[in-house]
Every structure is written in C-alpha cells, then in structure tokens.
Amino acid sequence: MIHPLAFVESSEIGEGTLIWQFAVVLEGARIGRDCNLNAHTFVEGGAVLGDRVTLKSGVYVWDGVVLEDDVFCGPNATFTNDKRPKSRVRPDSFSATLVKRGASIGAGAVLLPGVTVGEHALVGAGAVVTHNVEAGATVVGNPARPLLTR
C-alpha cells in the first residue's frame with residue numbers, strides 16, 4: 001500500500017510493502033517485499049532495501065546504502081555516504097554502507113560512510129558508528145564500541 005500523500009517514483013517496490021504519508025522514494029530505489037516505510041522517510045535512487053525492512057520516521061537512506069533483509073532502523077537513524085561532503089559538489093561515487101541481515105539500528109544512531117554492520121548486530125540508540133560492527137555484536141556510545149558482557 002502506498003499512501004496517497006507519499007511521493008514514489010520507483011517501480012521496484014515489492015509486494016506487501018507499506019509506504020506511509022510524506023515518504024519519498026526516488027526513481028531507481030529498490031525496495032523488497034513486506035517493508036514498512038513510516039511517515040517522513042526518504043529513499044534515494046541508488047539505495048537498496050531487502051525484504052521486511054522497517055524504516056521508522058526520520059530515516060533517510062542515501063545512494064550507496066544497502067539494507068539487507070529484516071533490518072530495523074529506529075527513528076532518526078542517520079546514514080551518511082560522502083566522506084568529504086561539499087555544497088554543490090557531487091563525488092564520482094558514494095561510499096558503500098552495508099547493514100546485513102537481521103541487524104537493528106537504534107534511534108538517533110549515526111553511521112559514517114563505508115561501514116558494514118554485521119548480521120544480527122545491534123547499534124544502540126545515539127551511537128556513532130565509525131568502524132565496521134561484527135556480526136551479533138552490540139555497540140554503544142560515541143564512537144561506538146562493543147558492549148562488554150559479564
């Protein structure tokens with residue numbers, strides 16, 4: 001279902017996906033089956049979302065970002081794709097950011113360009129991810145570090 005107040009240019013949207021009001025999906029974006037894009041989300045043309053991905057409000061997915069199946073992105077999770085951004089200067093290519101299957105990104109977390117978050121990893125709310133996150137790890141803080149367990 002695509003809400004009538006959403007702006008959707010892409011034709012590559014899987015069956016059962018919900019796109020709510022004020023969401024924007026640009027031409028070229030690929031979105032899998034049974035996804036849920038809440039209000040006030042944005043998916044750029046070079047972004048890829050697997051099946052059953054959830055984007056809570058305020059999540060913007062830029063060119064070069066890939067979210068594999070079953071990824072959850074909490075409210076205002078932030079992806080970046082340019083290591084040296086400049087106004088009105090577009091790079092030849094963007095850094096690839098990969099969030100692997102089953103990973104969860106907490107509310108307000110920031111992922112810097114070029115990182116990979118491993119399968120079933122958890123990025124805590126407000127964390128700033130500057131390096132890759134291992135599969136199954138939980139990271140918190142600024143910069144994000146593995147949570148120590150006893």
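Note that NZ of K83 and CG of L112 are 9.5 Å apart. Values are rounded to the nearest 0.5 Å. Atoms NE2 and CE, from H3 and M1 in turn, are 6.5 Å apart once rounded to the nearest 0.5 Å. For the atom pair OG (S11) and CD (E27), the distance works out to 7.5 Å, reported to the nearest 0.5 Å. Separating the OG1 atom in T54 from the CG atom in L49 is a distance of 10.0 Å, to the nearest 0.5 Å.
Sorted by first then second residue, the salt bridge (Lys or Arg N to Asp or Glu O under 4.0 Å) pairs that include residues 124-139, not counting sequence neighbours, number zero. Among residues at least two apart or in separate chains, there is no ring pair (Phe, Tyr, Trp, His ring centres under 6.0 Å) pair with a member in residues 93-118.
When all heavy atoms of T17 and C35 are compared, the pair lying nearest together is OG1-N, 3.1 Å. Of all heavy-atom pairs spanning S10 and I13, the tightest one is O-CD1, 3.8 Å. Of all the heavy atoms in G124 and A109, the pair that sits closest is O-CB, 3.8 Å. Scanning all heavy atoms of the two residues, the minimum distance from K100 to E119 falls at CB-N, 3.6 Å. Shortest non-hydrogen contact noted between G118 and A103 is O-CB, 3.6 Å.
Cluster membership check: L18 does not share its hydrophobic cluster with V43, using side-chain heavy-atom separations under 4.5 Å among Ile, Leu, Val, Met, Phe, Trp and Tyr.
Side-chain contact between H40 and W20 is absent, with no heavy-atom pair separated by less than 4.5 Å. Looking only at side-chain heavy atoms (C-beta outward), I105 and V99 come within less than 4.5 Å of each other. F22 places none of its side-chain heavy atoms less than 4.5 Å from the side chain of T41. Proximity of V25 to I31: side-chain heavy atoms (C-beta onward) are separated by under 4.5 Å at one or more points.
Other residues, nucleotides and ligands place more than 12 heavy atoms under 6.0 Å from the CD atom of Q21.
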For residues 57-76, run the donor-acceptor check on the side chains, cut-off 3.5 Å, and write out each pair with its distance to 0.1 Å, sequence neighbours left out.
from	atom 1	to	atom 2	distance (Å)
S57	OG	A39	O	3.0
W62	NE1	F79	O	3.0
D63	OD1	G46	N	2.6
D63	OD2	R90	NH2	3.0
E68	OE1	R101	N	2.9
D69	OD1	D51	N	2.7
D70	OD1	R52	NE	2.6
D70	OD2	R52	NH2	3.2

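When each of L147, V123, L122 is checked for a side chain to side chain contact (heavy atoms under 4.5 Å, CB included) with V140, only L147 meets the rule. Of the candidates L55, N38, N36, I2, I2 is the only one forming a side chain to side chain contact (heavy atoms under 4.5 Å, CB included) with I19.
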